[in-house]
Amino acid sequence: MNDHEQQQPAPLHGKVLEALARAERKVFTRPAPKSAKAQVKFLLTRTKESAKDLAERLGTSRRTVERYRAGKLKTPQKRLQAALVEETESEWQPQVRAQARERASTSSGMSVEVTAYFGFTCTGSSDDGRERQITTDISPFYVKQILALQDAGATEEDLHPIVA
């Protein structure tokens, strides 16, 4: 068997949950804070000004959080920057996010786009396999199930049968 004859498994790790998070970020009406100082200030408002709680969420020390709030530190390390972005985007505009989720689960539904590989085993002809984009709409009934599972902490394996 050559490379074209072997069916390549689709990568399943995190694709559905990542796509749902990307879709939620697209409905934001204002951009999320970009600088580390602005992100820390925003997250502190969400944790009721508790630097200790925020430090636990970010996996850093309380003193580091206070330095970013004061503006003494400007450029976080990669791990902390990723944590700041993730936490900020997860807390940003919860009402807008809830409205978009409600709209998708009641009236508009959702669209799913996947890349698939179609082909035959004949080599050297126009029948060689090709990648194709497949787009399909998901009804609000299934969107409601997907979003409920996501809220309940479902894994990728739990979401795949419903999305499929």
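- For the pair Glu156 (side chain) and Val16 (backbone), a donor-acceptor distance under 3.5 Å is present.
- Here the CG-CD1 distance, from Asp151 to Ile146, works out to 12.0 Å after rounding to the nearest 0.5 Å.
- Applying the side-chain hydrogen bond (donor to acceptor under 3.5 Å, both in side chains) test to residues at least two apart or on different chains, the pairs with a partner in residues 27-41 are Thr29-Gln93.
- Here CH2 of Trp92 is found 8.0 Å from CZ of Arg46. Values are rounded to the nearest 0.5 Å.
- Ion pairing between a basic and an acidic side chain is recognised when a charged N comes within 4.0 Å of a carboxylate O; Lys72 and Glu66 show no such pairing.
- Here the OG atom belonging to Ser105 is positioned 11.5 Å from the CD atom belonging to Gln145, to the nearest 0.5 angstrom.
- Closest approach of Arg101 and Leu147 over heavy atoms only: NH2-O, 3.3 Å.
- One N or O on the side chain of Lys74 and one on the backbone of Gly71 form a donor-acceptor pair closer than 3.5 Å.
- Identified under the ring pair (Phe, Tyr, Trp, His ring centres under 6.0 Å) test for residues 62-83, with sequence neighbours left out: none.
- Separation of atoms CZ (Arg97) and CZ (Arg25) is listed at 9.0 Å; rounding is to 0.5 Å.
- Surrounding CD of Glu49 are more than 12 heavy atoms belonging to other residues, nucleotides or ligands, all under 6.0 Å away.
- The structure places CZ of Phe42 at 11.0 Å from CG of Leu54, a figure rounded to the nearest 0.5 Å.
- Closest of all the heavy-atom pairs between Ala104 and Val143 is O-CG1, 3.6 Å.
- Interatomic distance, Thr155 OG1 to Leu17 CG, rounded to the nearest 0.5 Å: 8.0 Å.
- No side-chain donor-acceptor contact under 3.5 Å links Thr88 to the backbone of Val85.
- Scored by the ring-ring contact (aromatic ring centres under 6.0 Å, His included) test, Tyr142 finds no partners at all (sequence neighbours excluded).
- By the 4.5 Å heavy-atom criterion applied to side chains, Met110 and Leu20 are counted as neighbours.
- Using a 3.5 Å distance cut-off with no hydrogens or angles, the side chains of Ser61 and Thr64 do pair a donor with an acceptor.
- In this structure, Ala51 and Val65 approach most closely via the heavy-atom pair CB-CG1, 4.1 Å.
- Considering all non-hydrogen atoms of both residues, Ala38 and Pro33 come closest at CB-CB, 3.7 Å.
- Contact between Pro76 and Leu84 at its shortest, heavy atoms only, is CG-CD1, 4.2 Å.
- Annotation: Gln95, atom CD; neighbour count of heavy atoms from other residues, nucleotides and ligands within 6.0 Å does not exceed 12.
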